[in-house]
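Numbers here are sequence positions counted from 1. Computed from a predicted structure; not experimentally measured.
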Amino acid sequence: MKKIIVANWKMNPQKPKEAERIFNYLLKNLKTKTKALVVVCPPFLYIEKLLNIKKKSRSKAVKLGAQNCFWEEKGAYTGEVSPNMLKAFGIDYVILGHSERRFILGENSQTISRKIKQAIKAGLTPILCIGEPREERKKGKAFQFLEKEIKSSLKGISLQEAKKVIIAYEPIWAIGTGNFCPADDALTVALFIKKVVSKRFGAKTAKSLKVLYGGSIDANNAKSYLKQEAISGLLVGSSSLKPKEFLKIIKTA
Ligand code: 13P
């Protein structure tokens, strides 16, 4: 099974030229058939430009994703972007429920589950992010926290919809800290996530569920996760903005 490597650029880079440079580097170096499925999620503003570059290069090695979308199809929602708009542009994936959106922007699982539904309806593959804060882990309550987050984020999601969801385990304490979650621990959590999904949607759905790991991934630690069968890939933040480093991660897969 192909591993999935997702680049979450977050609110970077600051100049479109830099976004083009990073993307061009990837396309140039991933021309040949890659063993991994690579998804780049830039800020909305860069999507069109990068899609045009991709079209021109005729590269099939990289897909594009978004970092968020709204839970309604259309209408008076100032500042929002609908999943339909993303699909119409040629976007295939959307990251939803990232901890930065939950904790900085006040998103909650209720709205995230609505976003998942709408994204699937539009034909996008949602990458649902979950992850416990440091305090919960310290208190020994990480698994309880994660179970609640999974259940509430998937509330109202049908079995057919659940089959289309990818889950990314991103412990908050590991994001942007260099303090990555050891691969063995991440594997334990990946299996736990599948168990929670199995209880709700059945063993078959849990078995085929793709669980990614994210949090301080770099070219040195990527392999320890990718060699685990139950970890289907990686969600990469800052290392995905360093094209050489990111390419190394992809090649590890
Ligand atoms: P870092 O790789 O920078 O720790 O970020 C991880 C992340 O939040 C990806 O979504």
Side-chain angles (χ1 to χ4, degrees), residues 3-32 34-70 79-83 85-101 103-105 124-125 127 129 166 168 170 172 174-180 212-222 226 233-253:
K3 296 281 182 179
I4 307 170
I5 310 290
V6 184
N8 179 7
W9 284 5
K10 308 190 179 182
M11 203 171 72
N12 301 295
Q14 299 312 302
K15 298 264 164 66
K17 280 268 169 278
E18 179 61 3
E20 286 170 36
R21 187 187 72 81
I22 300 170
F23 196 66
N24 272 321
Y25 182 92
L26 283 183
L27 290 187
K28 203 169 137 217
N29 290 283
L30 285 175
K31 275 262 161 68
T32 47
T34 41
K35 290 253 169 66
L37 168 64
V38 182
V39 182
V40 174
C41 304
F44 285 134
L45 271 178
Y46 299 153
I47 286 176
E48 186 175 12
K49 184 79 197 169
L50 300 192
L51 275 168
N52 286 337
I53 293 175
K54 184 171 128 76
K55 255 184 220 150
K56 251 190 219 153
S57 81
R58 296 208 179 132
S59 167
K60 289 204 164 59
V62 180
K63 296 205 174 263
L64 277 148
Q67 299 172 18
N68 182 32
C69 68
F70 196 55
E80 293 297 332
V81 172
S82 78
M85 291 174 191
L86 294 173
K87 191 65 194 175
F89 259 91
I91 293 289
D92 298 301
Y93 293 81
V94 60
I95 297 172
L96 292 172
H98 192 283
S99 59
E100 285 149 14
R101 296 203 60 85
F103 289 88
I104 303 172
L105 291 139
L124 302 173
T125 300
I127 302 170
C129 299
I166 294 174
E170 294 207 309
I172 298 172
I175 296 178
T177 57
N179 184 19
F180 54 89
L212 315 182
Y213 168 77
S216 295
I217 284 293
D218 59 29
N220 294 320
N221 62 22
L226 292 169
L234 301 167
L235 179 50
V236 188
S238 60
S239 295
S240 71
L241 290 154
K242 300 174 198 150
K244 276 191 190 144
E245 176 97 8
F246 190 54
L247 195 68
K248 272 194 207 157
I249 297 171
I250 295 167
K251 291 206 165 148
T252 312

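- Residue Lys49 qualifies as open at atom NZ: its count of foreign heavy atoms under 6.0 Å is 12 or below.
- Residue Phe89 qualifies as open at atom CZ: its count of foreign heavy atoms under 6.0 Å is 12 or below.
- The backbone N or O of Gly215 lies less than 3.5 Å from a partner atom in the side chain of Tyr213, making a donor-acceptor pair.
- Here the closest heavy-atom approach between residue Val6 and residue Cys41 is recorded as CG1-SG, 3.8 Å.
- Side chain of Ser216 to backbone of Ala174: a donor-acceptor contact under 3.5 angstrom is found.
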>> Assess the residue pair Leu27 and Ile53 against the criterion (side-chain contact (heavy atoms from CB on, under 4.5 Å)); give the C-alpha distance rounded to whole Å, side-chain angles, the decisive distance to 0.1 Å, and a yes or no.
In response: CA-CA 9 Å; Leu27 290 187; Ile53 293 175; 3.7 Å; yes

>> As a quick check of understanding, evaluate side-chain contact (heavy atoms from CB on, under 4.5 Å) for Ser240 and Asn8, giving each step before the final call.
In response: CA-CA 7 Å; Ser240 71; Asn8 179 7; 5.6 Å; no

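- There is no side-chain donor-acceptor pair under 3.5 Å between His98 and Gln67.
- Checked by atom type and distance alone, the side chain of Asn29 never pairs as donor or acceptor with a backbone atom of Leu26 at under 3.5 Å.
- At distances below 3.5 Å, not a single donor-acceptor pair connects side-chain atoms of Ser239 with backbone N or O atoms of Glu245.
- The two residues Ile47 and Leu86 make their nearest non-hydrogen contact at CD1-CD2, 4.3 Å.
- Lys35 and Ala253 make their closest contact through CB-O, 4.0 Å (heavy atoms, listed as atom of the first residue, atom of the second, distance).
- With hydrogens and angles ignored, the 3.5 Å screen pairs a side-chain donor or acceptor of Ser57 with a backbone N or O of Lys54.
- At distances below 3.5 Å, at least one donor-acceptor pair connects side-chain atoms of Gln14 with backbone N or O atoms of Met11.
- Side-chain atoms of Ser59 never come within 3.5 Å of backbone atoms of Lys55 as a donor-acceptor pair (strictly under, hydrogens ignored).
- Looking at Tyr46, its side chain does come within 3.5 Å of a backbone N or O of Pro13 through a donor-acceptor pair.
- Contact check on Lys15 versus Glu18 returns no salt bridge, with no Lys/Arg side-chain nitrogen under 4.0 Å from an Asp/Glu carboxylate oxygen.
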>> Run the side-chain contact (heavy atoms from CB on, under 4.5 Å) test on Phe23 and Leu64 for me, step by step, so that the C-alpha distance in whole Å, both residues' side-chain angles and the decisive distance to 0.1 Å come before the verdict.
In response: CA-CA 11 Å; Phe23 196 66; Leu64 277 148; 4.2 Å; yes

>> One pair to check against side-chain contact (heavy atoms from CB on, under 4.5 Å): Asp92 and Lys87. What are the steps and the verdict?
In response: CA-CA 7 Å; Asp92 298 301; Lys87 191 65 194 175; 3.7 Å; yes

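- Judged by distance alone, with hydrogens and angles left aside, the side-chain atoms of Lys3 form a donor-acceptor pair with the main-chain N or O of Leu226 at under 3.5 Å.
- Salt-bridge annotation for Lys242 and Asp218: absent, with no side-chain N of the basic residue lying under 4.0 Å from a carboxylate O of the acidic one.
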